[in-house]
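The chain is numbered in sequence order, starting from 1.
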Amino acid sequence: MPHPAAPPLPPPGTRPCALPSAVLFDMDGTLVDTEPSWFAAEAQLVADHGGTWTETDSLRLVGWGLEDAAAELRRAGVRLGVRAIVDELLTRVVAATRARTVHRAGARELVEALRARGVPLALVTSSEAPLAEVVIASLGGPGVFDVVVTGDLGHPAKPAPDPYLRAAAALARHPGGPPDPARMLAVEDSRTGIRSATAAGLRTLAVPHLVPVDDAGAHHVLPTLAGVGPEDLGRLVAGDRP
């Protein structure tokens with residue numbers, strides 16, 4: 001059954017509540033709008049091999065692990081191995097993101113506010129380290145996230161729970177003490193990512209971008225992170241209605 005959208009958030013400063021014990025962010029489509037770069041890279045690579053690739057094809061892959069996406073491009077006619085396809089896509093998207101990083105509305109401000117309040121943060125992405133490093137640099141550099149889980153660490157990709165389980169296990173070793181698992185929050189934009197986070201037992205906030213997620217199982221849905229602060233996330237984790 002679809003989860004209803006979260007009710008409107010209250011004005012800042014009202015109904016103070018406990019903050020989340022940790023926040024785990026997806027990257028592509030959640031913190032940064034890299035999807036156009038991925039779409040362009042996929043279409044060009046397929047075209048280079050004489051095939052046809054549409055935006056509908058790219059939308060279907062939103063949130064997928066890179067090796068799974070590469071296998072789809074091979075089926076579309078790309079005559080390269082899976083690893084070679086991943087490397088080619090990454091090279092193109094890293095270059096585009098380094099040239100111009102577009103943050104999703106409110107994302108950078110929310111990361112900064114959570115960091116300022118001492119909330120442990122994790123980045124949990126299906127993308128690989130070279131792209132994550134560019135995005136992390138755009139958000140304040142190494143250290144802005146206490147834990148970084150990328151898609152090249154050898155675990156099963158989203159929608160398997162493994163990426164979020166790995167991040168949660170690493171957060172449990174946080175020097176400030178292990179976060180309360182019941183008050184951890186994952187923030188995702190894709191159906192695949194939502195299913196990964198909820199399968200890992202995390203309360204999940206969906207912030208849709210290019211694909212509808214109403215029936216993906218998120219506990220909360222907000223149209224944007226603009227104007228959302230640490231206390232607002234605390235209310236969502238607590239299940240409060242503002």
Side-chain angles (χ1 to χ4, degrees), residues 22-42 44-46 58 60-76 78-99 101 103-104 107 111 120-174 186-197 199-200 202 209:
V23 180
L24 300 84
F25 285 100
D26 172 56
M27 187 175 77
D28 295 284
T30 299
L31 292 176
V32 287
D33 187 9
T34 50
E35 302 299 0
S37 297
W38 285 110
F39 289 11
E42 291 160 3
Q44 187 59 57
L45 186 56
V46 173
S58 286
R60 186 168 55 87
L61 302 188
V62 168
W64 286 34
L66 291 185
E67 293 190 353
D68 294 332
E72 288 295 299
L73 268 66
R74 289 195 75 197
R75 284 188 275 274
V78 177
R79 297 180 299 278
L80 296 172
V82 166
R83 187 63 243 177
I85 293 173
V86 170
D87 289 342
E88 183 63 33
L89 293 175
L90 269 174
T91 296
R92 298 182 188 205
V93 176
V94 166
T97 306
R98 185 175 287 118
T101 304
H103 299 96
R104 287 208 65 198
V111 168
L121 301 179
L123 185 69
V124 186
T125 177
S126 295
S127 290
E128 298 190 356
L131 182 56
E133 289 166 2
V134 174
V135 173
I136 289 169
S138 77
L139 292 167
V144 67
F145 294 100
D146 301 278
V147 171
V148 176
V149 174
T150 54
D152 48 352
L153 297 180
H155 52 258
K158 300 174 184 179
D162 301 66
Y164 279 102
L165 291 173
R166 184 171 187 143
L171 285 168
R173 301 188 292 272
H174 190 271
V187 185
E188 275 280 357
D189 76 299
S190 73
R191 299 166 65 86
T192 303
I194 291 165
R195 289 169 176 162
S196 174
L202 296 173
H209 184 28

One thing to verify: whether Glu42 and Arg60 come together as a salt bridge, which I'm taking to mean a side-chain N less than 4.0 angstrom from a carboxylate O.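 Salt bridge absent between Arg60 and Glu42.
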
Inspect the contact between Asp26 and Lys158 and indicate whether a charged nitrogen and a carboxylate oxygen are less than 4.0 angstrom apart.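 Salt bridge between Lys158 and Asp26, a charged N being under 4.0 Å from a carboxylate O: yes.
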
Spacing of [atom1] belonging to [X] relative to [atom2] belonging to [Y], to within rounding of 0.5 Å:
{"X": "Asp33", "Y": "Trp38", "atom1": "CG", "atom2": "CH2", "value": "13.5 Å"}
{"X": "Arg166", "Y": "Leu153", "atom1": "CZ", "atom2": "CG", "value": "4.5 Å"}
{"X": "Glu128", "Y": "Leu90", "atom1": "CD", "atom2": "CG", "value": "5.0 Å"}
{"X": "Leu66", "Y": "Ile85", "atom1": "CG", "atom2": "CD1", "value": "11.5 Å"}
{"X": "Asp28", "Y": "Ser37", "atom1": "CG", "atom2": "OG", "value": "9.5 Å"}
{"X": "Leu31", "Y": "Phe145", "atom1": "CG", "atom2": "CZ", "value": "5.0 Å"}

Return the set of residues passing salt bridge (charged side-chain N to carboxylate O under 4.0 Å, His left out) with Asp152 (not counting sequence neighbours), or none when no residue passes.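 For Asp152, no residue satisfies salt bridge (charged side-chain N to carboxylate O under 4.0 Å, His left out) once neighbours in sequence are set aside.
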
Identify, with sequence neighbours excluded, every residue that meets side chain to side chain donor-acceptor pair (under 3.5 Å) alongside [X].
{"X": "Asp146", "answer": "Arg115, His174"}
{"X": "Arg75", "answer": "Glu72"}
{"X": "Ser190", "answer": "none"}

Measure across [X] and [Y] and return the closest heavy-atom pair with its distance rounded to 0.1 Å.
{"X": "Val147", "Y": "Ala170", "answer": "CG2-CB, 3.6 Å"}
{"X": "Ala167", "Y": "Ala122", "answer": "CB-CB, 4.3 Å"}
{"X": "Gly193", "Y": "Tyr164", "answer": "O-CE1, 4.0 Å"}
{"X": "Ala157", "Y": "Asp68", "answer": "CB-OD2, 4.2 Å"}
{"X": "Ala70", "Y": "Val86", "answer": "CB-CG2, 3.9 Å"}
{"X": "Met27", "Y": "Ser127", "answer": "CE-CB, 3.7 Å"}

Would a 4.5 Å heavy-atom cut-off, applied to side chains only, mark [X] and [Y] as touching?
{"X": "His103", "Y": "Leu139", "answer": "yes"}
{"X": "Thr30", "Y": "Arg104", "answer": "no"}
{"X": "Glu88", "Y": "Val78", "answer": "no"}
{"X": "Phe39", "Y": "Val62", "answer": "yes"}

Check against side-chain contact (heavy atoms from CB on, under 4.5 Å), Leu80 and Leu73: CA-CA 9 Å; Leu80 296 172; Leu73 268 66; over 6 Å; no

Under the side-chain contact (heavy atoms from CB on, under 4.5 Å) rule, collect the residues that match up with Ala160, sequence neighbours excluded.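 Counting only residues at least two positions away or on another chain, Ala160 forms a side-chain contact (heavy atoms from CB on, under 4.5 Å) with Pro156, Asp162.
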
My understanding is that only residues two or more places apart in sequence, or in another chain, count here; which of them pass side-chain contact (heavy atoms from CB on, under 4.5 Å) with Thr97?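 Checked Thr97 against side-chain contact (heavy atoms from CB on, under 4.5 Å); matches are Thr34, Val93, Thr101, Leu131, Val134, Val135.
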
